[in-house]
Amino acid sequence: MPSSITPILKDELDIVIPTIRNLDFLEQWRPFFQQYHLIIVQDGDPSKVIKVPEGFNYELYNRNDINRILGPKASCISFKDSACRCFGFAVSKKKYIFTIDDDCFVAKDPSGKEIDALQQHIKNLLTPSTPFFFNTLYDPYREGADFVRGYPFSLREGVPTAVSHGLWLNIPDYDAPTQLVKPLERNNRYVDAVLTIPKGTLFPMCGMNLAFNRELIGPALYFGLMGDGQPIGRYDDMWAGWCMKVISDHLGLGVKTGLPYIWHSKASNPFVNLKKEYKGIYWQEELIPFFQSVSLSKESTTVQKCYIELSKKVKAKLGLVDDYFNKLADAMVTWIEVWDELNPSEEKSVTLPNGLAK
C-alpha cells in the first residue's frame, strides 16, 4: 500500500495488539498498518520496556496505566493473559477495531500475493450479513457472487455486520488435546470464502485475527476473567464469542467468518495449554447448552442492556456449575460500567430489522 494513498477507514479504525514482547512482527505488517493508529496493551511486568518499530502511530498501556485509569474497576481486566486486549477496545474512540496477536504474520494467497488482512476485514464489515437465510454462494455481496434462486427478496437487504472473524494458515487454533495428538499438523488449505454464521448458531471465536464494529457490538467483546489468579485460561475469546453471538442474534446483527487469512507462526506448548484449559474443556459441556438456550428480553434494546441481562443469567445458571462464574458475572457488570465511563455517549438503542430478531 503506497504511503501516498489514504487507506480505507484510516481515521475510523484502531488496531489493538496485546503483547509481552517487542513488536518486531510489525515490520512485516508495515505496508498495511503504518497509516493506522495502534493501541498496544502490554501484559505482564509493567517495568519491562516494550520496543515498537519506528514510524508507527501508537498508544501503549501497561498494567500500571490500566490500574491508574480504571482504579478498583481494573479488576475486570485480566492479567497475564491476552484477554487484556479488551482494555484497548474500551479506551479506543474509533468506530472499528482490528485485533491481532504478535505471533501472526502476513499470509500469501495461492497465487503468492501477500494478503492485506485488514482491508479484507473492512470489506466484510462494510457489507451486510445474511443470518436469517443461508446463501449457498456464501457472501452474496462479494464481487462475482449474488443471491441464488429461491432466496427471499425480502431478506436480500441483509443486516449490519458486527464482527468479521478471520482464519489462519500454518499453526491451527487447536485445543491442547488436539495439539498433543496432532503435533505436526499444519493448515495449508486456503478456502476463498466468506460466509455469515446463521442466527442461532454458535462458533469458536479466535481473537488472534478479528475485527468488529465497535459502535454496534463493542461492549459485548469482553474477554472475561482469565490468566493470573483465575482457574482457567485460553477461553477468553471463546467466552467473548459466545456472548457476542447471542447478543448479535438478539439485536439482529451479523457475524462473518472466513477470509482473511493470516500466518500463525508459533505453536504454544500443549502441556502448558492443557493446564490452562482443562477446566474449560470440562465446563464447556455446560456452557454451550446454556448459550444455545439463553433468551434475552425485548427490554434489552442496547448491547449494554443485553450484556447486563446476560450476566444475571450467567450467575443464576452457571454459578451452579462453579463459583468462578459468579465472579465472572460480577466482572461482566464491572466491564459495562468501565465501558460506559470511558464511552459516556455510546449507549444507543438498536432497531431490530424487519421484526426478524427477538
Side-chain angles (χ1 to χ4, degrees), residues 1-19 23-40 52-58 85 88-89 92 94-129 138-145 161-173 186-196 205-214 237 254-266:
M1 184 188 299
S3 59
S4 60
I5 298 176
T6 301
I8 301 172
L9 302 182
K10 174 183 178 294
D11 298 320
E12 298 180 72
L13 182 143
D14 277 332
I15 299 172
V16 174
I17 304 168
T19 191
L23 295 183
D24 300 329
F25 91 113
L26 285 173
E27 287 293 356
Q28 193 179 119
W29 287 104
R30 187 181 291 276
F32 309 112
F33 289 0
Q34 189 164 2
Q35 294 194 59
Y36 290 90
H37 178 251
L38 312 181
I39 298 178
I40 300 163
V52 182
E54 291 186 5
F56 287 92
N57 172 24
Y58 68 92
R85 78 178 78 224
F89 305 163
S92 171
K94 304 293 178 62
K95 182 175 181 179
Y96 300 96
I97 293 286
F98 171 52
T99 185
I100 185 171
D101 285 1
D102 61 11
D103 60 354
C104 296
F105 295 86
V106 179
K108 294 182 179 180
D109 68 19
S111 74
K113 180 182 178 182
E114 289 191 332
I115 298 168
D116 187 342
L118 178 54
Q119 293 306 307
Q120 179 63 53
H121 275 301
I122 289 171
K123 287 180 183 178
N124 293 348
L125 290 171
L126 294 183
T127 52
S129 293
Y138 305 119
D139 191 343
Y141 304 101
R142 286 188 70 187
E143 185 177 350
T161 299
V163 172
S164 171
H165 176 256
L167 300 175
W168 358 264
L169 295 172
N170 195 34
I171 306 294
D173 185 31
R186 299 295 181 263
N187 181 34
N188 300 312
R189 293 178 299 163
Y190 179 95
V191 180
D192 186 15
V194 177
L195 62 152
T196 297
M205 189 178 82
C206 174
M208 74 172 92
N209 176 25
L210 182 73
F212 59 93
N213 185 321
R214 186 177 171 279
D237 41 8
V255 178
K256 293 183 179 181
T257 189
L259 302 181
Y261 284 91
I262 49 84
W263 183 268
H264 185 211
S265 69
K266 186 179 67 178

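In this chain, residues are counted from 1 in sequence order.
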Worksheet item: Is the Y36 to F98 ring centre distance short of 6.0 Å?
Response: no
Item to complete: Determine, stepwise, if the pair F25 / T19 fulfils side-chain contact (heavy atoms from CB on, under 4.5 Å).
Response: CA-CA 11 Å; F25 91 113; T19 191; over 6 Å; no
Fill in: Full working for side-chain contact (heavy atoms from CB on, under 4.5 Å) between K108 and E114
CA-CA 4 Å; K108 294 182 179 180; E114 289 191 332; 4.3 Å; yes
Worksheet, complete the sentence: Residues passing the side chain to side chain donor-acceptor pair (under 3.5 Å) test with N209, sequence neighbours excluded, are H121
Could you measure the distance from the [atom1] atom of [X] to the [atom2] atom of [Y]? Nearest 0.5 Å is fine.
X: H37; Y: N57; atom1: NE2; atom2: CG; answer: 4.5 Å
X: L210; Y: R85; atom1: CG; atom2: CZ; answer: 8.0 Å
X: L169; Y: R186; atom1: CG; atom2: CZ; answer: 12.5 Å
X: Q34; Y: F56; atom1: CD; atom2: CZ; answer: 5.5 Å
X: D101; Y: C206; atom1: CG; atom2: SG; answer: 7.0 Å
X: L167; Y: T257; atom1: CG; atom2: OG1; answer: 4.5 Å

Fill in: D192 with R142: basic N within carboxylate O range, under 4.0 Å
yes
Grab the two heavy atoms, one from [X] and one from [Y], that are nearest each other, plus how far apart they are.
X: V255; Y: S129; result: N-OG, 3.9 Å
X: A145; Y: D139; result: CB-O, 3.6 Å
X: A211; Y: L125; result: CB-CD1, 3.9 Å
X: D14; Y: S92; result: OD2-OG, 2.6 Å
X: T99; Y: G207; result: CG2-O, 3.6 Å

Worksheet item: Does any donor atom in the side chain of D116 or Q120 lie under 3.5 Å from an acceptor atom in the other side chain?
Response: no
How about [X] and [Y]: do any of their side-chain heavy atoms sit closer than 4.5 Å?
X: V194; Y: T127; value: no
X: L26; Y: I17; value: yes
X: L126; Y: Y141; value: no
X: V191; Y: Y138; value: no
X: N213; Y: T161; value: no
X: M208; Y: I171; value: no

Do [X] side-chain atoms and [Y] backbone N/O form a donor-acceptor pair below 3.5 Å?
X: Q28; Y: V106; result: yes
X: K256; Y: P128; result: yes
X: N170; Y: H264; result: yes
X: Y58; Y: I15; result: no

Fill in: Aromatic ring pairing W29/F32, orientation class (parallel under 30°, perpendicular over 60°, tilted between)
perpendicular
Discussion item. Does F105 have more than 12 heavy atoms from other residues, nucleotides or ligands lying within 6.0 Å of its CZ?
Written reply: yes
